[in-house]
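One structure is given here, and the rest of the page talks about it.
Below, chains carry the letters A, B, ... as their sequence lines are ordered, and counting in each starts from 1.
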Amino acid sequence: MTLLSVRNLRVTFPTRQGTFEAVRGVSFDLGRERLGVVGESGSGKSMTGRSILGLVRPPGLVTADRMQLEGQSILNLPERKMRKIRGRRISMVMQDPKFSLNPVMSIGDQIVEAYRLHAGGARAAARQKALDMLAAVQIRDPERVMQAYPHEVSGGMGQRIMIAMMLAPDPEILIADEPTSALDVSVRTEVLNIMDRLVRDRGMGLIFISHDLNLVAQFCDRVLIMYAGRIVETLAARDLHQARHPYTRGLLNSLPRLDAPQDRLPVLQRQDSWRDGDPIAESLETEFPGGL
Amino acid sequence: MNAARRNWLLSDAPQTRRQARLGALYQGWLTFRANKLAMFGLIVLIVLIAMAALAPWLSPQSPFAQDLANRLQPPSAAHWLGTDHLGRDILSRLIHGSRITLFIVGTVALIAPVIGLFIGTVAGFAGGWVDQVLMRITDIFLAFPKLILALAFVAALGASITNAVLALALTAWPPYARLARAETLTIRNADYIAAARLQGAGPLRLLVRHIWPLCVSSLIVRVALDMAGIILSAAGLGFLGLGAQPPMPEWGAMISDGRTYILDFWWVAAMPGIAIFIVSMAFNLLGDGLRDVLDPKGAKS
Amino acid sequence: MLTVEHLNVWFGHPPARVDAVKDAGFTVAPGESFGLVGESGSGKSTILRAIAGLIDTWSGRIEVAGQPVAARRRDRAFYKTVQMVFQDPYASLHPRHSVDAVLSEALRLQGMDDIDRRIARLLDDVGLGRGFRFRYPHQLSGGQRQRVAIARALAAEPRLLLLDEPTSALDVSVQAEILNLLSDLRAEHGLTYVMVSHDLAVVGHMCDRLAVMQQGRIVEVMTVEDLRRGAARQDYTRQLIAASAGYQRA
Ligand SMILES: Nc1ncnc2c1ncn2[C@@H]1O[C@H](COP(=O)(O)OP(=O)(O)OP(=O)(O)O)[C@@H](O)[C@H]1O
Ligand SMILES: Nc1ncnc2c1ncn2[C@@H]1O[C@H](COP(=O)(O)OP(=O)(O)OP(=O)(O)O)[C@@H](O)[C@H]1O
Ligand SMILES: [Mg+2]
Ligand SMILES: [Mg+2]
């Protein structure tokens with residue numbers, strides 16, 4: 001079943017130089033799968049995620065022909081209704097964890113508060129849940145980290161704290177915006193395993209925004225490649241290395257490789273035709289309609 | 001304004017320091033201008049300032065000239081806003097009173113936030129026992145109701161307009177200190193502060209060049225929003241006879257004079273009341289507009 | 001160029017004391033590029049901060065260019081030798097300072113003259129045009145911000161550059177640009193790098209040798225050739241290399 005269906009999503013910002021389109025007609029369906037979204041900085045990945053949750057700040061304007069969560073439209077819902085959906089049904093791990101955490105409130109308090117906001121319940125129970133979640137994301141001494149303030153944890157710990165916070169209320173859809181960019185590979189594997197289990201066992205839908213192409217190729221089922229606010233190519237993740245769009249190829253080539261050292265890394269030569277040229281292999285429907 | 005100048009100001013890639021600075025100012029002005037209510041507030045304040053500056057020429061009569069034969073006259077062609085119990089022209093007194101109001105507001109707005117900014121940022125930045133001591137002092141001040149504390153100050157220093165202003169300033173700073181400290185706490189661990197340290201910047205430089213610019217904007221907004229309260233407090237002191245002394249045309253004192261006649265000669269108290277109301281509201285609206293411009297959270301994206 | 005011996009770094013007081021780095025030691029030769037990899041939260045950033053003098057609570061011995069560094073306040077000469085680039089380009093630039101203000105303050109604090117010319121040079125060095133000089137951080141992309149941060153670090157003309165995950169917040173095309181830039185700068189100015197990264201491919205591309213950290217300890221120091229051959233002595237390193245080969249579903 002399709003969890004989330006988006007057609008012709010546009011996000012525009014009025015600026016003094018005219019309107020700026022951050023997202024220009026994005027369409028996709030999300031089933032109970034791992035959907036990767038890759039693309040360079042500023043290509044509109046985060047804006048796509050934020051617009052689904054109604055988190056685009058004014059004066060930004062979101063329009064779409066369709067934006068449905070299990071058949072029910074969630075486009076531009078009033079804030080009060082959106083708050084019921086946010087966290088409980090769809091949650092989002094923000095890109096910049098340190099920025100999203102309150103710098104003058106302890107981490108434990110923040111997780112407990114976020115959890116109780118959605119699930120209610122006693123403080124002690126919420127605290128236990130928070131400790132469990134921190135342990136699940138491989139934080140070594142959760143008791144200490146609960147007491148710590150955001151500046152007292154490392155970059156990667158901050159990221160994992162955000163993930164723990166967002167997974168605590170058991171959402172149906174998780175939008176993870178660069179959730180593992182500051183994690184070392186071994187911890188990253190664990191965090192990915194958690195998300196993977198949620199997708200497989202509980203049928204969660206995952207939108208995984210990342211610029212790590214190798215990771216997306218291995219972890220996700222399907223990949224959308226974005227450039228300048230548009231999807232330029234849609235592929236099954238395992239075929240990512242056979243991508244045909246020159247932009248995708250350019251991104252792949254600019255990765256350093258452990259097994260093939262080179263003196264200089266090739267950098268991307270952007271072409272104007274990518275902005276409006278025809279997308280490649282755009283199949284909107286999820287290939288996993290029945291879930292995995 | 002012509003298009004070339006506008007583009008020059010709004011350029012994404014300014015060529016000189018001056019262009020960048022003017023560009024930033026112009027951007028702020030555009031944001032502010034978009035807020036109609038804030039513009040209204042600004043216009044009221046400009047009128048107030050003009051009124052204060054031109055008071056002797058604007059006011060139809062002397063604010064002190066008594067005319068007991070024409071006391072307590074209702075608004076008329078001769079006295080637009082009527083006369084008070086000594087037959088003085090209320091309009092003239094209001095116009096001259098704007099000078100006193102501006103003096104009070106201006107001085108308090110200069111003293112209180114500066115004290116608050118200094119104490120708050122030093123406490124937040126230094127931490128440890130400095131923070132403890134400074135914040136306990138702040139708490140002590142906060143524990144008393146503002147007006148009562150101001151009353152105590154004035155009672156100790158003697159009733160006069162200068163002492164009233166001083167008392168108000170000395171009682172108004174603690175919230176600013178709190179605010180500045182809170183801001184400092186969020187800033188002081190930031191990487192850009194660490195980076196400045198690595199350039200060899202000392203604590204004083206960090207405080208003045210790096211931390212103050214980030215605290216000042218929220219303080220300005222807060223001050224603008226608090227101005228209304230300060231005008232009212234000043235009026236309150238005047239009303240109690242502890243601020244401006246007769247026959248000074250201070251608005252609060254004017255209300256106080258009018259209160260005995262409030263039922264039969266409503267305009268004596270109502271006119272200065274309306275003036276206070278309009279100016280307070282103007283400051284509030286201005287504060288709202290300034291928040292749009294200065295609040296880093298709104299201006300960031 | 002840099003010697004670290006028996007470095008311990010801790011935060012707070014007992015019983016809440018956190019030992020972030022325990023008995024770490026390594027040396028970096030002049031002109032070398034040294035990688036620091038390991039578990040998240042294992043103390044990599046903390047080591048760099050201790051070297052840079054941003055943390056007071058440490059013990060052990062740190063020598064820069066043959067001179068032991070002071071435990072607390074460092075003098076200006078130290079900052080002329082050692083500079084640092086931070087992990088998050090969005091947090092490392094003052095939101096109210098233009099590029100020009102950032103660079104001229106750095107130059108002035110280092111007692112340089114001829115500031116206008118030097119700023120132009122620095123911007124050229126990091127591949128930013130003149131047009132960027134008077135922009136504010138919110139007018140810059142992540143990659144451009146990181147370039148400004150690198151320019152700020154280069155302002156003092158340091159010989160040792162501490163790089164804390166300089167590209168982890170950037171997308172791959174910008175990462176390639178920044179890595180190329182760092183290689184060029186190293187060749188041009190003969191810089192020495194200590195670079196933290198969790199991406200073994202990036203370390204393999206940039207560095208000559210690397211140290212692997214786990215739970216505050218350095219568990220292994222190896223050359224990049226060994227890393228490529230997968231010749232690790234420690235279990236944890238092997239685990240890391242295996243994991244970096246890709247994600248396998250559990
Ligand atoms: N408030 C705003 N006003 C105008 N433009 C904006 C605003 N917020 C974002 N944008 C623009 O929208 C575009 C898309 O931004 P978005 O954050 O989605 O990029 P991204 O793909 O997530 O990039 P990154 O990998 O750097 O996170 C960018 O070009 C950005 O400059
Ligand atoms: N100011 C502080 N106060 C208390 N503990 C701290 C402080 N700074 C760091 N720590 C702790 O020190 C440990 C090491 O942190 P550090 O930032 O060095 O990790 P890291 O290796 O850089 O990790 P990452 O790869 O996730 O950035 C962590 O457990 C962290 O919680
Ligand atoms: Mg993003
Ligand atoms: Mg770190």
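- Considering only residues two or more places apart in sequence or on other chains, C:Asp184 meets the salt bridge (charged side-chain N to carboxylate O under 4.0 Å, His left out) condition with A:Arg264.
- Heavy-atom contacts from other residues, nucleotides or ligands closer than 6.0 Å to CZ of B:Phe144 number 12 or fewer.
- Neither the backbone nor the side chain of C:Ser98 comes within contact range of chain B; no heavy atom of the residue lies under 4.5 Å from a heavy atom of that chain.
- Ranked by heavy-atom pairs shorter than 4.5 Å toward chain B, the options C:Lys80, C:Arg76, C:Met84 are led by C:Met84.
- For residues 188-202 of chain B, a heavy-atom distance under 4.5 Å to chain C picks out B:Asp191, B:Tyr192, B:Ala194, B:Ala195, B:Arg197, B:Leu198, B:Gln199, B:Gly200, B:Ala201, given by residue number.
- The neighbour count for C:Arg145 CZ, taken as heavy atoms of other residues, nucleotides or ligands under 6.0 Å away, is above 12.
- The environment of CZ in C:Phe26 is crowded: more than 12 heavy-atom neighbours from other residues, nucleotides or ligands sit within 6.0 Å.
- Interface summary for chain B: among C:Arg108, C:Arg74, C:Gln83, C:Gln87, the most heavy-atom pairs under 4.5 angstrom belong to C:Gln83.
- Remark: C:Glu105 CD to B:His210 NE2 distance equals 3.5 Å, nearest 0.5 Å.
- At a threshold of 4.0 Å, the pair B:Arg17-C:Asp116 counts as salt-bridged, since one of the basic side-chain nitrogens sits closer than that to a carboxylate oxygen.
- The stretch residues 42-57 of chain C places C:Arg49, C:Ala52, C:Leu54 near chain B, each with some heavy atom under 4.5 Å from a heavy atom of that chain.
- Residue-level contacts of residues 126-139 of chain B with chain C do not occur; threshold 4.5 Å between heavy atoms.
- The nearest pair of heavy atoms linking C:His97 to B:Arg209 is NE2-O, 3.1 Å.
- In this structure, B:Phe40 places its CZ atom where only 12 or fewer heavy-atom neighbours from other residues, nucleotides or ligands lie under 6.0 Å away.
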